[in-house]
2 protein chains.
Amino acid sequence: MEEVKLPTFESVFSIDCVIFGFEAGELKILLIERNEEPFKDWLALPGYMVEQDESIDDAAERILYELTGLRDLHMQQFYTFGEVNRHPQGRVITVAYYALIRINGQKELRPVTQFARKAIWHPVNELPKLAFDHSEIFKTGFNKIRRRLNYQPIAFELLPEKFTLTQLQSLYEAVENKKLDKRNFRKKMLSFGFLKELDEKQKGVSYRAAKLYKFDRRKYAKIFHNDMNLG
Amino acid sequence: MEEVKLPTFESVFSIDCVIFGFEAGELKILLIERNEEPFKDWLALPGYMVEQDESIDDAAERILYELTGLRDLHMQQFYTFGEVNRHPQGRVITVAYYALIRINGQKELRPVTQFARKAIWHPVNELPKLAFDHSEIFKTGFNKIRRRLNYQPIAFELLPEKFTLTQLQSLYEAVENKKLDKRNFRKKMLSFGFLKELDEKQKGVSYRAAKLYKFDRRKYAKIFHNDMNLG
DNA sequence: AATATACTGTGTGAAAATTACACTACTAAA
DNA sequence: TTTAGTAGTGTAATTTTCACACAGTATATT
């Protein structure tokens with residue numbers, strides 16, 4: 001980082017977002033390329049300051065939109081980072097949020113402020129060093145969703161609306177970073193009863209097309225008041 | 001609440017603590033009686049502002065000590081509350097922490113600031129309305145430890161160092177609010193292998209004394225890298 | 001010393017869940 | 001029509017969970 005004189009400020013709150021996506025069998029997160037000091041040109045989590053008159057949940061939505069152009073995802077707070085010197089310009093306590101979304105080739109990622117030069121999807125495996133303590137924030141968030149995957153229906157937010165069981169399995173394998181047994185996985189998933197088999201098949205593959213399924217949110221809610229146990 | 005003119009302030013961070021204790025088969029939390037506006041004379045969670053030059057973890061320790069006289073407990077952050085109007089005097093975002101401790105009859109609870117008149121243990125079942133949004137904070141914290149009880153060895157922080165299996169069971173029953181089967185509970189607990197049977201028995205009971213056990217932190221760490229599954 | 005009281009400590013069988021494991025069926029492309 | 005590549009399926013062994021009841025023992029009471 002260059003030596004530049006920067007203004008300092010008193011206590012402020014900020015938000016940082018860890019947004020997961022799944023594409024080509026690979027788990028990715030959304031990063032921005034910073035266009036301002038400090039850490040100009042570095043990759044960072046989308047994050048910015050909370051305004052006086054907005055709740056932190058609202059701030060998270062706004063900030064993500066401004067830095068990446070993404071809207072209307074259900075973000076969820078997961079941890080607050082409050083070390084004294086985590087930000088070089090002053091005291092900044094940041095509340096970290098995560099969300100999981102379908103990566104949508106056509107939906108363009110376009111920051112609406114100058115603060116981010118661009119937003120990109122980056123595989124979680126080969127992450128470079130990120131600005132501030134963002135590497136740590138990412139790691140904490142990844143552990144969080146890794147655990148939540150097994151008792152909350154978050155996998156379906158990462159997949160297209162219609163998906164094959166193999167896609168679902170490969171998502172679990174990517175997050176848990178281990179191979180699962182195909183027959184056992186399918187048996188268990190279907191036994192929950194919240195997957196709806198469609199009268200449709202996968203298109204555009206050069207081999208036997210698989211059946212498509214949908215996640216049935218209503219059935220899920222009926223069956224589980226809270227948890228599913230994929231332990 | 002009375003109509004009093006109060007100063008306002010800009011953004012500040014605060015900490016609120018949800019401290020659980022277990023006594024006489026009952027789960028309790030630590031509350032203070034406020035001695036200052038707003039919510040003077042109300043019961044509240046121990047909580048106060050974070051200073052400029054302390055991390056939030058440090059602040060949590062300091063604040064708990066100042067308001068209750070308690071020290072050296074391992075608190076853990078669990079959620080951050082950031083609604084705009086949660087505090088009548090200005091914008092206050094609060095990071096909530098929990099801890100579980102042995103209630104120790106002889107250890108006196110004595111606030112070291114005038115801000116709290118006194119600190120008391122209150123059963124979690126019949127909680128009155130608390131100051132600010134503290135009822136909500138408590139509820140969130142209680143749900144958190146209810147879940148964590150099943151995959152982290154937190155129960156042992158609430159019990160005396162030497163405890164009987166029946167005491168352990170009644171703690172689980174209090175937190176989960178349901179009866180458990182004695183034989184199955186003991187079988188499963190012992191099967192983990194981290195309870196050390198002592199050559200000692202319960203004292204001062206007017207019936208057959210039960211064996212005492214200790215939680216063996218070293219064995220626990222060896223056996224579980226992370227989790228135990230009491231599902 | 002006998003008796004009442006109150007909790008401790010223990011085992012088994014049935015049911016359910018988890019695991020390991022391998023081949024045929026199908027589709028598209030060559 | 002052949003090839004390449006994934007889809008889709010069942011069973012048996014093992015492990016885990018669950019339901020369930022009574023004799024043993026320390027103390028207090030008479």
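To find a chain, count down the sequence lines: A is the first, B the second, and so on, and within it residues start at 1. Quick note: numbers below take in every heavy atom, side chains included, and nothing from hydrogens, waters or symmetry partners.
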**Request:** Quickly work out the B:Q169 CD to C:dG9 P distance and round it to whole Å.
**Result:** 12 Å
**Request:** Within residues 158-165 of chain A, find the residues that approach DNA chain D with a heavy atom at under 4.0 Å, and present them sorted by residue number.
**Result:** none
Enumerate the protein-to-nucleotides 20-22 of chain C contacts in which both atoms are nitrogen or oxygen and the separation is below 3.5 Å.
unit_1: C:dA20; atom_1: N7; unit_2: A:N184; atom_2: ND2; d: 3.0
unit_1: C:dA20; atom_1: N6; unit_2: A:N184; atom_2: OD1; d: 3.2
unit_1: C:dC21; atom_1: N3; unit_2: A:R183; atom_2: NH2; d: 3.3
unit_1: C:dC21; atom_1: N4; unit_2: A:D181; atom_2: OD2; d: 3.4
unit_1: C:dC21; atom_1: N4; unit_2: A:R183; atom_2: NE; d: 3.4
unit_1: C:dA22; atom_1: N1; unit_2: A:R183; atom_2: NH1; d: 3.3

**Message:** One pair to check against side chain to side chain contact (heavy atoms under 4.5 Å, CB included): B:L195 and B:K214. What are the steps and the verdict?
**Reply:** CA-CA 6 Å; B:L195 291 186; B:K214 240 172 127 167; over 6 Å; no
**Request:** Go through the structure and list residues passing ring pair (Phe, Tyr, Trp, His ring centres under 6.0 Å) with B:F115, not counting sequence neighbours.
**Result:** B:Y48
**Prompt:** With sequence neighbours left out, what residues match B:F132 under ring pair (Phe, Tyr, Trp, His ring centres under 6.0 Å)?
**Reply:** B:F39, B:H87, B:H134
**Message:** Without decimals, in angstroms, what is the distance between A:K179 NZ and C:dT19 C1'?
**Reply:** 18 Å
**Asked** What is the distance from CE of A:M189 to C1' of D:dT9, rounded to the nearest Å?
**Response** 18 Å
**Message:** Using 0.5 Å steps for rounding, measure from the CD atom of A:E173 to the CD atom of A:Q169.
**Reply:** 4.5 Å
**Prompt:** Do the non-hydrogen side-chain atoms of A:T80 and B:Q77 ever get within less than 4.5 Å of each other?
**Reply:** yes
**Message:** Between P on C:dA16 and NZ on A:K188, what's the gap in Å once rounded to a whole number?
**Reply:** 16 Å
**Asked** Would you say the side chain of B:K211 lies within less than 4.5 Å of the side chain of B:D199, judging by non-hydrogen atoms?
**Response** no
**Item:** Separation of atom CZ in B:F185 from atom P in C:dG11, rounded to whole Å
**Value:** 19 Å
**Prompt:** Are side-chain heavy atoms of B:L171 and B:F156 found at a separation under 4.5 Å?
**Reply:** no
**Asked** Does one side chain, of B:Y65 or B:D72, offer a donor that lies under 3.5 Å from an acceptor on the other?
**Response** no
**Request:** Specify the separation, in whole Å, of atom NZ of A:K178 and atom C1' of C:dT19.
**Result:** 12 Å
**Request:** Calculate the interatomic distance between B:K203 atom NZ and D:dA26 atom C1'; express it in whole Å.
**Result:** 13 Å
**Prompt:** Heavy atoms, side chains only, cut-off 4.5 Å: are A:Y172 and A:L180 in contact?
**Reply:** yes
**Request:** May I have the distance from A:L190 (atom CG) to D:dA7 (atom P), rounded to whole angstrom?
**Result:** 14 Å
**Asked** Can you tell me how far the CZ atom of A:R62 sits from the CG atom of A:L67, to the nearest 0.5 Å?
**Response** 9.0 Å
**Asked** For residues 125-145 of chain B, which residue pairs qualify under salt bridge (Lys or Arg N to Asp or Glu O under 4.0 Å), counting only residues two or more places apart or in two chains?
**Response** B:R86-B:D133
**Request:** Assign a letter to each nucleotide of nucleotides 23-30 of chain C from its 5' end: B, base within under 4.0 Å of a protein heavy atom; S, sugar-phosphate only; -, no contact.
**Result:** --BBBSS-
